[in-house]
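All heavy atoms count here, side chains included; hydrogens, waters and symmetry mates do not. The first residue of the sequence shown is numbered 1, and numbering continues consecutively from there.
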Amino acid sequence: MILGDLGAEVIKVERPGAGDDTRAWGPPFVGTESVYFLSVNRNKKSISVDLKHPRGANVIQELAAVCDVLVENYLPGKLQQMGLGYEQLSRVNPQLIYCSISGYGQTGPQSQSPGYDSIASAVSGMMHITGPEDGDPVRPGVAMTDLATGLYAHGAVMAALLQRHKTGRGVHIDCNLLSSQVSCLSHIAANYLNAGKEARRWGTAHESIVPYQWRHIPFVPALALCLSARSCQTLTVYPVWTRECNSVLKRA
């Protein structure tokens, strides 16, 4: 979708009949279309192809011969069985950038396991650090693992296009949910790897920055993000917040 935002012509391949599962994810709907489907399919054209039929496979091969990038999210090896794997299509188009998105990567003991945002979020540790201090792990309000993986895939495709400009050849990109989400653990992972500090849930607070958490001010719910008088003045938009922040700091 982001590649489409940047000007690419994107052709989405769906199965005949029902099409993409997310077309039915609702309510809400706009007419007959799921708002969820619309939110993640901006700038995309759509065709329906039966990949298991030889004529359908031929359609994909013909498209791959003239396209710059192919993105797929089948279980590793499935498209190869249909004659649509990277090795097969790169013979048709040596400049093709073939991006595979899976749950756990193209190789390894979990490669044949289906990938879901919630499962990868739990396995990676993301859910372990999300939620109230004294409560259960919580799934983020949006599919952060899916979104992060898409962003990593987008960056990898852009890098591959630059590399192809120099080498004249395409590449197979292996992007997966688990690795993407683990990489997003950022300082939480660094804390453990470098200092042996076990992660835990902090609610809206931050273990290294105080104050950072939700505080209820009468009549004005607010998220405390003031680190200093200077940060209050540079981070806030409304003068009233600067005055309140400075007042709190003076009393501290």
Side-chain angles (χ1 to χ4, degrees), residues 1-6 8-15 18-30 33-49 51 69-79 84 86 97-131 136-161 171-189 199 201:
M1 188 171 73
I2 299 175
L3 294 173
D5 290 340
L6 296 176
E9 180 183 8
V10 181
I11 302 173
K12 180 182 176 71
V13 179
E14 303 183 51
R15 70 178 186 273
D20 188 329
D21 288 342
T22 63
R23 287 184 179 273
W25 287 11
F29 294 91
V30 174
E33 294 285 9
S34 158
V35 171
Y36 189 102
F37 173 82
L38 295 174
S39 74
V40 293
N41 285 283
R42 181 176 65 249
N43 297 324
K44 298 179 185 178
K45 299 177 179 180
S46 182
I47 61 174
S48 60
V49 179
L51 300 184
V69 180
L70 183 148
V71 180
E72 61 90 9
N73 67 338
Y74 280 76
L75 280 176
K78 289 296 182 182
L79 286 182
L84 302 174
Y86 171 68
I97 294 166
Y98 190 109
C99 180
S100 296
I101 300 177
S102 61
Y104 304 94
Q106 297 299 297
T107 60
Q110 296 296 320
S111 63
Q112 294 303 303
S113 299
Y116 297 96
D117 174 273
S118 294
I119 295 176
S121 182
V123 174
S124 68
M126 178 66 172
M127 285 178 61
H128 175 71
I129 61 173
T130 305
D136 295 326
V138 173
R139 182 183 70 83
V142 294
M144 288 306 303
T145 303
D146 285 347
L147 294 172
T149 305
L151 289 169
Y152 273 113
H154 157 258
V157 167
M158 297 297 285
L161 286 168
V171 68
H172 187 193
I173 297 169
D174 178 3
C175 197
N176 68 82
L177 299 178
L178 182 60
S179 295
S180 297
Q181 187 56 77
V182 168
S183 72
C184 288
L185 294 180
S186 184
H187 68 283
I188 299 297
R201 289 179 290 285

Check: Asp174 side chain, Gln106 main-chain N or O, donor-acceptor pair, under 3.5 Å: yes

Shortest non-hydrogen contact between Ala120 and Gln181, atoms and distance: O-CG, 4.4 Å

Tyr104: ring-ring contact (aromatic ring centres under 6.0 Å, His included) partners, not counting sequence neighbours: none

Just to verify, what does Tyr36 make a ring-ring contact (aromatic ring centres under 6.0 Å, His included) with, not counting sequence neighbours? Trp25

Is the closest side-chain heavy-atom distance between Val182 and Met126 below 4.5 Å? no

What I'd like to find out is whether the side chain of Asn43 reaches to under 4.5 Å of the side chain of Glu9, using heavy atoms alone. no

So the side chain to side chain donor-acceptor pair (under 3.5 Å) pairs with at least one residue in residues 111-123 (sequence neighbours excluded) are Gln110-Ser113

Scan residues 20-29 for pairs that pass salt bridge (charged side-chain N to carboxylate O under 4.0 Å, His left out), counting only residues two or more places apart or in two chains. Lys12-Asp20, Glu14-Arg23, Arg15-Asp21, Arg23-Glu33

List for me each residue that meets side chain to side chain contact (heavy atoms under 4.5 Å, CB included) alongside Tyr86, sequence neighbours excluded, and say none if there are none. Ser90, Tyr98, His172

For His154, what residues pass the ring-ring contact (aromatic ring centres under 6.0 Å, His included) criterion, not counting sequence neighbours? none

Nearest heavy-atom neighbours spanning Cys184 and Tyr152: SG-CE1, 4.0 Å

Looking at side-chain heavy atoms only, is the closest gap between Leu161 and Val69 below 4.5 Å? yes

